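Quick notes on the structure that follows.
Small disclaimer: the values here were computed from a predicted structure and weren't measured. Start at 1 and go down the list; that is how both ligands and their atoms are numbered.
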Amino acid sequence: MRRIRLGVAGLGRAFMLMLPTLARDTRVEMAACADPRPEARARFAQDFGARTHDSVEALCADPGLDAVYIASPHQFHVAHVRAAAAAGKHVLVEKPMALTVEDGLAMIAAAREGGIHLLVGHSHSFDAPYLRAREIIRSGEYGAIRMVTALNFTDYLYRPRRPEELDTAQGGGAIFSQAPHQVEVARLLAGRPARSIRATATVWDRARGTEGAFNALLDFGEGLSATLTYNGHGHFDTDEFQDWIGEMGARRDPAAYGTARAALRAVSSPEEEAALKERRAYGTGSGAAEARNAPPPPAYNHFGLVIASCERADLRPTPSGVMVYADHGRHFDPLPPPDVPRAEVIDELHAAIFNNTPPLHDGAWGLATAEICLCLLESARTGREVALRHQATP
Ligand SMILES: NC(=O)c1ccc[n+]([C@@H]2O[C@H](COP(=O)([O-])OP(=O)(O)OC[C@H]3O[C@@H](n4cnc5c(N)ncnc54)[C@H](O)[C@@H]3O)[C@@H](O)[C@H]2O)c1
C-alpha cells in the first residue's frame with residue numbers, strides 16, 4: 001500500500017484532534033510541517049523525524065510531499081490552499097473551507113488549475129455511522145427520506161479561544177466553527193441539494209461576543225427538510241443521550257460538568273485566554289507517542305443526536321452503529337469498532353490521491369457548506385428565508 005507523504009500546515013488544536021489518526025494510520029507518512037511556533041516545529045521533527053519549514057509556502061515547495069493538510073486558522077485557508085495547489089500538492093483543508101463564497105470559488109479554481117484533489121475536512125460527515133445511515137437510506141428499503149433532525153448541546157463557547165474566534169465578522173462563533181459539522185451530516189443524509197435556509201442565532205453572552213447557539217430549518221424541497229439545533233453554552237450536554245460517549249468517540253465523565261466554564265473563570269484577558277488555548281495545541285504537551293500508544297477509542301466520532309426519518313423507519317446513527325426503528329420492530333445495525341479514529345478521512349484522501357477516486361468531501365461540497373453557514377447568519381440577521389445558490393449534489 002502506498003503511503004501518503006503528508007505535510008501539515010498549522011499544528012494547533014485541530015492537528016491535535018487529527019494526531020491519533022495521523023500517527024496511527026499506516027497509510028500516512030508524516031513528512032513535513034510548517035507553523036510559526038518553533039516549539040511545535042521542534043516537537044514535530046522529534047516525533048516523526050520529519051522536515052520543518054517556517055512558512056506554508058516553503059512547505060508547499062517541499063518536493064517530497066503528496067498532500068498538505070491545512071489546519072491553520074480559517075482566515076488563512078484560501079492563501080494556503082492556493083499555495084499548495086500552485087505547487088501541485090493535493091489538499092485536505094479544515095472546515096470551514098472559507099469565510100466567503102468568493103474565496104471558496106477561488107480555492108476550487110486553484111485546485112482545478114493545479115490538477116489536484118481538494119478535500120474539505122475533517123467534518124463529522126466523514127464518521128462511519130453517518131455514512132452507514134446514508135447507505136441504508138440509499139438502499140431504499142425504508143422508503144424516501146423525509147426529515148433530518150439534528151440536536152447538539154456542548155460547551156463549545158467556553159473552550160479557550162483566540163480573539164478572532166470570538167468575533168463573528170472574522171469567522172468566529174458557533175456558526176463558522178460548529179454548524180459545518182451539523183450542516184454536512186444533514187446534507188449527507190438528505191442526499192440532495194438544499195434550496196433555502198431560515199435560521200435564528202443571537203449573541204446570548206455579551207462577555208463572549210459571538211453566537212454560541214442557533215436554530216435552522218434547511219429546506220431540500222419536495223417535502224424534505226432538516227432542523228438543526230445547536231447550543232454551545234455549556235449547560236445540558238447531548239452526550240447524555242449517547243451513553244456518555246463524547247464527540248471524539250471516547251468515554252466521558254458526567255461528573256466533569258462545568259469544567260470548561262470553570263477553567264475560563266481563571267482567565268483575565270484575551271491574551272491569557274489565547275495562551276490557555278495554545279496549551280491545548282501541539283508542542284509541549286502530549287505528542288505522537290501518546291497518540292500511538294493510546295488504546296483504540298471505544299466508538300466512532302459523532303456530532304450529537306441525529307435522526308433521519310424515512311417513510312417507513314427512523315434511523316438513529318449512534319457512536320457504534322445505526323439504530324433502526326421500522327414499522328415491524330427495531331434493531332441495531334452495528335459497526336466494527338474503529339482501529340484508528342477518523343480513519344474515514346484517510347480512506348477518502350488515499351483513494352483520491354492514488355486511485356483518482358473523486359472524493360465526496362471535495363471543494364464543491366465544502367463550498368456548499370460554507371454558503372449555508374453564511375446564509376444561516378444572513379437569515380438570522382434579516383429574519384428572512386435565504387435562497388441557496390452553490391449547492392452541490394452529494
Ligand atoms: N475538524 C475539527 O474537528 C476541528 C477542530 C478544531 C479546529 N478545526 C479547524 O482547524 C482550523 C484551526 O483551528 P484550531 O482550533 O486548530 O486553531 P489553533 O489556534 O489551535 O491552531 C492554529 C495553528 O496554526 C498555526 N498558525 C497560525 N498562523 C499560521 C500560518 N500563517 N501558517 C501556518 N500555521 C499557522 C498556529 O501557530 C497554531 O499552531 C480552523 O479552521 C478550525 O475550524 C477543526
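Closest protein heavy atom to atom 34 (N) of ligand 1: Pro36 CD, 3.3 Å. Ranking protein heavy atoms by distance to atom 20 (O) of ligand 1, first place goes to Arg13 N, 2.8 Å. Nearest protein neighbour of atom 2 (C) of ligand 1, counting heavy atoms only, is Glu94 OE1, 3.9 Å. Distance from atom 41 (O) of ligand 1 to its nearest protein heavy atom, with residue and atom name: His74 ND1, 2.8 Å. Looking at atom 5 (C) of ligand 1, its nearest protein heavy atom turns out to be Leu17 CD1, 3.6 Å. At the top of the distance list for atom 30 (C) of ligand 1, counting protein heavy atoms only, stands His80 CE1, 3.7 Å. At the shortest separation from atom 28 (N) of ligand 1 among protein heavy atoms lies Phe76 CE1, 3.5 Å. Looking only at heavy atoms of the protein, atom 21 (O) of ligand 1 is closest to Gly12 CA, 3.1 Å.
Ranked by closest heavy atom to atom 17 (O) of ligand 1, the top entry among Arg162, Glu164, Met97 is Arg162. The closest non-hydrogen atom to atom 33 (C) of ligand 1, taken over Val120, Val345, Val93, Val56, comes from Val56. Nearest to atom 37 (O) of ligand 1 by heavy atom, out of Leu99, Asp35, Leu11, is Asp35.
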Using atom types as modelled, flag every donor-acceptor pair under 3.5 Å from a side chain in residues 140-149 to any protein atom, sequence neighbours excluded.
{"residue": "Arg146", "atom": "NE", "partner": "Glu311", "partner atom": "OE2", "Å": "3.3"}
{"residue": "Arg146", "atom": "NH2", "partner": "Glu311", "partner atom": "OE2", "Å": "2.5"}

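Relative ring orientation between Phe15 and Phe44 is described as tilted, the plane-to-plane angle lying within the 30° to 60° band.
At under 3.5 Å, a nitrogen or oxygen of Lys95, whether backbone or side chain, sits near a nitrogen or oxygen of ligand 1. Below 3.5 Å of separation, one finds no N or O of Glu247 facing any N or O of ligand 1. Considering backbone and side-chain atoms together, Arg342 places an N or O closer than 3.5 Å to an N or O of ligand 1. Checking only distances, Ser123 never comes within under 3.5 Å of ligand 1, N or O to N or O.
Among all heavy-atom pairs drawn from Arg208 and Arg159, the shortest one is NH2-O, 3.4 Å. Considering all non-hydrogen atoms of both residues, Val120 and Gly366 come closest at CG2-CA, 3.9 Å.
Both the backbone and the side chain of Ala14 come within 4.0 Å of ligand 1, judged by heavy-atom distances. Residue contacts with ligand 1, taken as heavy atom pairs separated by less than 4.0 Å, involve Lys277 solely via side-chain atoms from C-beta onward. Under 4.0 angstrom from ligand 1, there are no non-hydrogen atoms of Met16.
Asn231 places a side-chain N or O within 3.5 Å of a backbone atom of His233 that can act as its donor or acceptor partner. Judged purely by atom type and a 3.5 angstrom limit, Glu348 uses its side chain to pair as donor or acceptor with the backbone of His361. Between the side chain of Glu385 and the main chain of Ser379, no donor-acceptor pair closer than 3.5 Å is present.
Between Phe241 and Phe153, the ring centre distance reaches or exceeds 6.0 Å.
A salt bridge links Glu165 with Lys277: the distance from a Lys NZ or Arg NE/NH1/NH2 to an Asp or Glu carboxylate oxygen falls below 4.0 Å. A salt bridge is absent between Glu135 and Arg138: the closest approach of a Lys/Arg side-chain nitrogen to an acidic carboxylate oxygen does not fall below 4.0 angstrom.
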Task: salt bridge (charged side-chain N to carboxylate O under 4.0 Å, His left out) assessment of Arg13 paired with Glu94 - done: CA-CA 11 Å; Arg13 188 68 199 148; Glu94 269 296 347; over 6 Å; no
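Cation-pi geometry between Arg261 and Tyr158 is met: the NZ or CZ atom falls under 6.0 Å from the ring centre, inside 45° of the normal.
Note on ligand 1: Pro96 sits in its first shell, one or more heavy atoms being nearer than 4.0 Å. Residue contacts with ligand 1: Ala40 is excluded, as none of its non-hydrogen atoms falls under 4.0 Å. Ligand 1 has no atom lying under 4.0 Å from any heavy atom of Glu278. By the 4.0 Å heavy-atom criterion, Met18 is excluded from the residues contacting ligand 1.
Of all the atoms in ligand 1, the ones that sit under 4.0 Å from a non-hydrogen atom of His77 are 41 (O).
Donor-acceptor pairing under 3.5 Å is lacking for the side chains of Gln178 and Tyr156. Remark: the Asn152 side chain and the Thr238 side chain contain an N/O donor-acceptor pair separated by less than 3.5 Å.
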